[in-house]
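Beneath this line is the structure, given in structure tokens, with notes to follow.
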Amino acid sequence: MKVLAVGAAGASAGMVVPELVRRGVRVRGLVHDESRAGQARRNGAAETVVADLTDLAALTRACEGVDGVFGIIPAFAEDEARIGTTMVEAAVRAGARKCVFSGVYHPTTSALSNHRGKQPAEAALYDSGLDFTVLQPAIFMQQLTGLWQSARRTGTIAMPYSADARMAYVDYRDVAEVAAESLVGDRFSGGTFELSSPGTHSREDLARLMGDVLGTEVTAESPDFDAWADAANLPAGRVRDGLKVMNQHYDRHGFHGGNALVLTAALGREPRTVRGFVGELARS
């Protein structure tokens, strides 16, 4: 079996590549720049192709000769909706049989551009005639790595929304496992699956957990968004604007969910937990 893996050099999508290789799949890694081809190969891609995700002709060529496509859209990318529908059309035109799309938890949260931008890709898949699987992962635990480093270095963890807001998380390694299984078999065919680890966690919870692991007090802080963005050297533009709206939404509503039933059933085991992930960070 041969699969085109979009984002094969990425921090998240790149986790799907070794899961596919472990299952005997030959992976063609799609990268946006030739300079990223080496990372895709280190992740396990047997071959690479460079293509713009909005270029239908280039994506169609990239899909030629593959059995399946793993698709993902970079958050806050310009014209996310077009990227998603172009991926689906390219897979159809090239004659691919399967498509697994890694979208976002609660895509109907239309106030957030990085959620509503995923909806057209899902709709296109449902109408495509492809053997599809839609995965809707919660916030990636991998994003906690920066908070852990801050906790260890400064004794504080800061994000620009309420420290009491409760958030649902998932370890993307678990998502990658489900994505690979979806491509090599038919157990997940025709399904749309919310993927989350159990429970929700506030930043206060995270501070206590990290403090317990470090053996010292860790404080949760909630800086002003613009001050936080300036400290992170985020330039003015689409990404900064999208993040501002997202963090304002988190401040008011959190990011609820945390039901692990689907992910547990999909994996055939208990999903990785936030506590376990922080423990891994401490041991690394």
Side-chain angles (χ1 to χ4, degrees), residues 11-12 74-77 80 104-118 136-172 175 194-260 271-282 284:
S12 300
F76 303 112
E80 289 188 50
V104 67
Y105 210 53
H106 306 333
T108 50
T109 308
S110 296
L112 305 182
S113 64
N114 59 315
H115 286 238
R116 65 176 179 267
K118 308 296 194 302
Q136 298 174 336
I139 297 172
F140 304 166
M141 286 181 201
Q142 281 67 25
Q143 296 180 21
L144 299 177
T145 302
L147 293 183
W148 167 255
Q149 292 169 346
S150 177
R152 190 172 56 182
R153 187 177 63 254
T154 70
T156 63
I157 55 173
M159 289 296 288
Y161 59 85
S162 171
D164 295 320
R166 304 199 66 80
M167 318 297 284
Y169 291 93
V170 69
D171 191 318
Y172 204 81
V175 180
E194 283 193 349
L195 302 181
S196 177
S197 68
T200 56
H201 306 266
S202 71
R203 202 159 56 264
E204 291 285 2
D205 294 334
L206 295 175
R208 284 190 290 272
L209 172 58
M210 292 179 182
D212 289 345
V213 172
L214 289 168
T216 187
E217 183 179 5
V218 175
T219 303
E221 297 182 348
S222 303
D224 169 77
F225 175 83
D226 288 320
W228 174 85
D230 288 344
N233 296 314
L234 279 176
R238 182 184 64 259
V239 173
R240 180 166 173 148
D241 292 344
L243 283 170
K244 185 169 188 174
V245 172
M246 184 183 76
N247 281 282
Q248 289 171 339
H249 193 273
Y250 288 170
D251 189 69
R252 292 192 299 270
H253 306 291
F255 196 58
H256 292 286
N259 188 318
R272 294 175 172 94
T273 65
V274 167
R275 178 173 292 276
F277 186 81
V278 171
E280 283 189 53
L281 292 174
S284 64

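Any value given below was found using the heavy atoms of this structure, including those in side chains, with hydrogens, waters and symmetry copies removed.
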Non-hydrogen side-chain atoms of I139 and V170 separated by less than 4.5 Å: no
Would you mind reporting whether W228 and E221 have side-chain heavy atoms less than 4.5 Å apart? no
Do the side chains of T145 and F140 get nearer than 4.5 Å, heavy atoms only? no
On the 0 to 90° scale, with breaks at 30° and 60°, tag the Y250-Y161 ring pair as parallel, tilted or perpendicular. perpendicular
Is M141 close to V278 at the side-chain level, that is, under 4.5 Å between some pair of heavy atoms? no
Least distance between heavy atoms, S196 atom then G258 atom: OG-CA, 3.3 Å
Side chains of R116 and S110 only: does a donor on one sit below 3.5 Å from an acceptor on the other? no
Spacing of NE2 belonging to H115 relative to NZ belonging to K118, to within rounding of 0.5 Å: 7.0 Å
Any side-chain to backbone donor/acceptor pair from R166 onto T200? Under 3.5 Å, distance only. yes
Spacing of D241 atom CG and M246 atom CE [to the nearest 0.5 Å]: 12.5 Å
Any side-chain heavy atom of T156 sitting closer than 4.5 Å to one from S150? yes
Look up atom CG in D212 and atom CD in E217, then write down how far apart they are to the nearest 0.5 Å. 11.0 Å
May I ask you to decide if N247's main-chain N or O and D251's side chain share a donor-acceptor pair within less than 3.5 Å? no
When rounded to the nearest 0.5 angstrom, what is the spacing between CG in N259 and CG in L195? 11.0 Å
Charged N to carboxylate O below 4.0 Å: is that the case for D230 and R240? yes
Test of understanding: with ring pair (Phe, Tyr, Trp, His ring centres under 6.0 Å), list the residues that count as partners of W148, not counting sequence neighbours. none
Taking the side chain as every heavy atom from C-beta outward, state whether M167 and H201 have any atom pair closer than 4.5 Å. no
Measuring centre to centre across the rings, with the benzene-like ring taken for any Trp, is Y105 within less than 6.0 Å of F255? yes
Considering non-hydrogen atoms only, spot the tightest contact between A260 and P198 and give its length. CB-N, 3.6 Å
Are more than 12 heavy atoms from other residues, nucleotides or ligands located less than 6.0 Å from atom CZ of R275? no
Counting N and O atoms only, with roles assigned by atom type, does the side chain of T109 sit under 3.5 Å from a partner on the main chain of H106, one being a donor and the other an acceptor? yes
Consider only side-chain N and O atoms of E80 and N114, and report whether a donor and an acceptor are under 3.5 Å apart. no
Using every non-hydrogen atom in the two residues, find where P271 and S197 come nearest and quote the distance to one decimal. CB-CA, 4.4 Å
Side chain to side chain, F277 and V274, heavy atoms closer than 4.5 Å: no
Would M210 and I157 count as a side chain to side chain contact (heavy atoms under 4.5 Å, CB included) if you check the C-alpha gap in whole Å, the side-chain angles of each, and the deciding distance to 0.1 Å? CA-CA 9 Å; M210 292 179 182; I157 55 173; 4.0 Å; yes
Any non-hydrogen side-chain atom of D171 less than 4.5 Å from a side-chain atom of Q142? yes
Correct closest heavy-atom pair for H249 and A111 would be CD2-CB, 4.1 Å
Just verifying a value: how many Å separate Q248 CD and S162 OG, rounded to the nearest 0.5 Å? 13.5 Å
Correct closest heavy-atom pair for V175 and P137 would be CG2-CB, 3.8 Å
Has the side chain of S202 got a donor or acceptor atom that lies under 3.5 Å from a matching backbone atom of D205? yes
Once you round to the nearest 0.5 Å, how far does OG of S222 lie from CZ of R203? 4.0 Å
